[in-house]
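Worksheet: one structure, shown below.
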Amino acid sequence: MKSTAAEIEAVELQLLLTAIHEKSRYDFRDYSPASLKRRLLQAKDHFRCASLSELQHRVLHDPGLIPRLLPYLTVQVSELFRDPSYFLTLRRDVLPHLRTYPSLKVWVAGCSSGEELYSMAILFREEGLESRTIFYATDINTEALQKAEAGIYEIDRLALFSENYRRAGGKASLSDYYTAAYGRAKFDQTLKKQTVFSDHSLVSDSVFAEAHLVSCRNVLIYFNRSLQDRAVGLFKDSLVRRGFLGIGAKENLRFSGHADAFMEFNRLERIYQKL
Amino acid sequence: MKALPDAAVVIGASVGAIEALMILLPALPASYPLPVFVVVHIPPDKKSTLAELFAQRCSIAVKEAEDKESIRGGVVYFAPADYHLLVESDFTLSLSNEEPVLFSRPAIDVLFQSAADAYGNTLTGVVLTGGSTDGAAGLRSIIDAGGKGLVQSPDSAEGTTMPRAALAHCPEARPFPLQEIAALLKSLPATLSS
């Protein structure tokens, strides 16, 4: 039997999410509650509130707080070439298919601070596809989008990024793509010249572009089943026939009503092809 | 056994985990009615083979936890490498990529705290051998929600820091050698339905 405290907090959490939804365009009501609660309890401590109810009260009376809550509401943990074998599979097996199109559109959904986008841009440049590709990098967090556009990362993360890049079949040295100064690495700004950064919500917005490849990694795990279903539906509708969808290493399409619209292209790397 | 309430076991282990779990998990029968969730600290770059390893040696079903799957009794769920494992209140599982806790992803605290919310007083938390303090705060949450805490006796553990930290944080929890923890877990369903 659940404890009274847990039941009260579950109610408080839903009320807080309702308040955020009422006072902003953000709707987190269909996010997975366990992880969301954990992060909002951290926010509660950060904003020195005694309870989630008090945080809710503050959100209602000071909606200006909501943007400051976003770093808690969305998870922004990523790496360049995270899961190198995923990018290696794109390079070896998916890009040869994409090469047959005269022009390409790639949607990096939930791009956060841009790590996946730069990985993709480097991959497409090295495979000679950059000039015919438009990248759409979308997220609900406009602050994260600004970071993505800036392409600046702490230098102590670069050793991991470089190792990932190498294991992902990188053809040069990652350091060819950034300049280091003052403890930071700034990625080559020409890498984003083909990119459109855009504020887009998988919760409330509709399909906005036709795509040949959608990459959305470690985003679905934060959604409940019905929201996962909505997001996968958007990917399905935006993909061209035979277009590709890549999701996170531990995500699956099993609970989506749209699973039948895809075939497994590479099961281990979670790459699907639209039928 | 049919009248068993929603109940579960959560286990956390680090250094020396395999040996300790080799005593606990094979002791559970195939008909064990409860789900068992396990977090073992593993390096993020390792493809976790824990589920396969234990599946070969256990009568109870063993698998790696998958995002949004429904929880079933009689299954041991291992957290995958590089993801936190959380239990939702509707008795499904979620994975998360958020920051490591006490340098660990998966973290024992994350599993224990979410399971404490979902199960309350029908949850049993087990902290085994390990070299960090992960699990102590989680076990505290389990006991605060009315659940039970079992800790491997530090002198029988390869890593003593983790059981010691759990005991220091939770005076209500009692230390046991592994064989006794195995026996307690086996008799748990009978205790819960009586």
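Throughout, protein chains are lettered first and strands after them, A, B, ... in sequence-line order, and every chain is numbered starting at 1.
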Inset, instruction - Go through the side-chain N and O atoms of B:His41 and B:Ser14 and say whether any donor and acceptor fall under 3.5 Å apart. - result: yes

Inset, instruction - Please find out if less than 6.0 Å separates the ring center of A:Phe81 from that of A:Tyr165. - result: yes

Legend entry - Under 4.5 Å from any heavy atom of chain A - which part of B:Tyr83: side chain

Inset, instruction - Tell me, for B:Ser141 versus chain A, whether the close heavy atoms (under 4.5 Å) come from the side chain, the backbone, both or neither. - result: neither

Legend entry - Which portion of B:Ser94 sits near chain A, non-hydrogen atoms under 4.5 angstrom: side chain

Legend entry - Which of A:Ser3, A:Ser78, A:Ser35 touches chain B most, by non-hydrogen pairs under 4.5 Å: A:Ser35

Inset, instruction - Please check if any side-chain donor atom of A:Ser215 sits under 3.5 Å from a side-chain acceptor atom of A:Tyr86, or the reverse. - result: yes

Inset, instruction - With a 4.5 angstrom heavy-atom cut-off, could you sort out which part of B:Ala145 is near chain A: side chain, backbone, both or neither? - result: both

Legend entry - Best-contacting candidate, B:Ser96, B:Gly147, B:Ala118, B:Gly120, against chain A by heavy atom pairs under 4.5 angstrom: B:Ser96

Inset, instruction - Drop me the distance from A:Phe265's CZ to A:Leu90's CG, to the nearest 0.5 angstrom. - result: 9.0 Å

Inset, instruction - Please check if any side-chain donor atom of A:Arg38 sits under 3.5 Å from a side-chain acceptor atom of B:Gln113, or the reverse. - result: yes

Legend entry - Pair B:Gln152-B:Thr129, side-chain donor/acceptor within less than 3.5 Å: no

Legend entry - Proximity breakdown for A:Val77 and chain B, heavy-atom pairs closer than 4.5 Å: both

Inset, instruction - Below 4.5 Å from any heavy atom of chain B, which atoms of A:Ala249 appear? Answer side chain, backbone, both or neither. - result: both

Legend entry - Top contributor to chain A interface from B:Asp90, B:Leu86, B:Asp144, B:Asp117 [non-hydrogen pairs under 4.5 Å]: B:Asp117

Legend entry - Heavy-atom contact with chain A under 4.5 Å, split by part of B:Glu69: both

Inset, instruction - Hey, could you give me the OG/CD distance between A:Ser51 and A:Glu12, rounded to the nearest 0.5 Å? - result: 5.0 Å

Legend entry - Most contacts with chain B, counted as non-hydrogen pairs under 4.5 angstrom, among A:Glu7, A:Glu251, A:Arg39: A:Arg39

Inset, instruction - Below 4.5 Å from any heavy atom of chain A, which atoms of B:Val110 appear? Answer side chain, backbone, both or neither. - result: both

Inset, instruction - Please confirm whether A:Phe223 and A:Tyr31 have ring centers closer than 6.0 angstrom. - result: yes

Legend entry - Per-residue contact mode, A:Gln228 against chain B (heavy atom under 4.5 angstrom): side chain

Inset, instruction - Using a strict 4.0 Å threshold on nitrogen-to-oxygen distance, state whether A:Glu163 and A:Arg166 make a salt bridge. - result: yes

Inset, instruction - Let me know if A:Arg217 has heavy atoms under 4.5 Å from chain B in its side chain, its backbone, both or neither. - result: neither

